[in-house]
Amino acid sequence: MMQWQQACNAIMDAKGIVLCAHRHPDGDGIGSQMALFHALKDSGKCVFAHNRDGVPRMYRFISGNEQVSQGESFTPDGTVDLIICLDSANIERIGMPAALFKDRAILDIDHHIHNTRFGDYNLIVPEACATGEIIYKLIGLLQLPLSPEAATAVFTAILTDTCSFRMSTANARVHRLTAALIEAGADPWKVSTEVYESYSRSRLDLLALCLKTLEIRDEGRSAWLFVDHQMKQQANADYEDTEGFIEYARSLDGVEVAVFISPENDSEWKVSFRNKAVVDVSDLAARLGGGGHPYASACVLVGTLAEIRQRVQTTVSDLLE
Ligand SMILES: [Mn+2]
């Protein structure tokens with residue numbers, strides 16, 4: 001309970017707060033950020049939101065997202081004395097220069113089990129299904145208002161981080177919490193439509209190309225998909241358009257590890273992992289210099305696609321043995 005009290009005190013004592021989610025923010029990053037943003041703003045706190053990368057198109061329905069500033073450098077208002085980092089296992093994942101954190105306290109709020117506790121205060125709850133779940137409880141403890149906008153943002157965080165309530169993390173406690181969010185004004189149908197049924201034609205064109213790369217290895221226990229620069233160009237697609245592709249690999253019967261490789265930028269590749277059953281893919285990603293959850297993780301590697309596929313294959317086969 002100590003860490004909850006410290007987090008509450010840090011927030012209550014702060015004169016000005018900046019909320020930061022991790023690089024390439026997902027639904028949990030943006031949802032947690034916007035929920036806390038609304039709750040603090042509605043209670044009269046001086047609060048800003050800033051991310052290294054922009055809000056993905058699929059999360060731009062979340063009210064207030066246009067107030068998130070973006071970029072490599074950020075000089076906040078002089079009153080800001082607390083930076084809250086959300087859903088980020090280490091400070092590097094935030095992607096902001098050290099100058100932002102200088103002479104300001106850091107509150108690290110996260111549910112990654114391998115979080116490095118990089119904050120002056122750390123609120124780390126590995127059993128939470130999403131950072132959004134921690135934010136919901138924090139809003140309650142601080143007795144901050146939970147507007148329909150904030151409830152919608154928490155709902156989005158939980159929906160996306162539980163893979164639409166399909167993961168084992170979506171337990172009875174989470175479903176009860178979700179009911180409370182719906183009562184507070186979150187609209188599940190609207191959120192699902194925005195997140196999962198508002199894709200671009202480019203994304204489907206890219207998916208068609210990606211599915212042709214499917215390979216089943218390790219005697220049916222691993223499934224592999226990739227996207228390369230040329231495929232992205234052909235489909236006129238961008239970074240965001242690969243969201244969710246890995247689920248097609250995981251969906252195969254008998255597959256225990258799904259692997260998806262896509263360009264991170266001109267020289268680096270992002271390798272994503274998902275599990276089914278018992279394999280811990282956070283361990284897999286950690287062996288390759290990355291991290292994440294036991295059920296979803298990733299790393300970034302440099303090299304040719306062929307080299308990376310070989311290197312990752314060795315690691316996957318090792319783990320499955
Ligand atoms: Mn998360």
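Each ligand, and each atom within it, is numbered from 1 in the order the structure gives. This one's a predicted model, so the numbers in the text were calculated from it and none came from an experiment.
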**OP:** Could you grab the angle centred on the Mn ion (ligand 1), going from OD2 in Asp161 to NE2 in His111, to 10°?
**Re:**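 Value returned, to the nearest 10°, is 90°.
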Subject >> Backbone of Arg60 reached by a side-chain donor or acceptor of Asn65 within 3.5 Å >> reply: yes
**OP:** Indicate if the distance from the Mn ion (ligand 1) to the nearest N, O or S atom of Asp87 falls below 2.8 Å.
**Re:**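 Given the 2.8 Å cut-off, Asp87 counts as a ligand of the Mn ion (ligand 1).
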Original post:
Does any N, O or S atom in His112 come within less than 2.8 Å of the Mn ion (ligand 1)?
Top reply: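 It does not; every qualifying atom lies at 2.8 Å or beyond.
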Subject >> For the Mn ion (ligand 1): the N/O/S atom of Asp28 at shortest distance >> reply: OD2
**OP:** For the pair Lys190 and Glu194, find out whether any cationic side-chain nitrogen is under 4.0 Å from an anionic carboxylate oxygen.
**Re:**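 A salt bridge links Lys190 with Glu194.
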Subject >> Arg104 NZ/CZ over Phe101 ring centroid, <6.0 Å and within 45° of normal >> reply: no
**OP:** Could you check whether the rings of Trp269 and His229 sit parallel, tilted or perpendicular, using 30° and 60° as the cut-offs?
**Re:** perpendicular
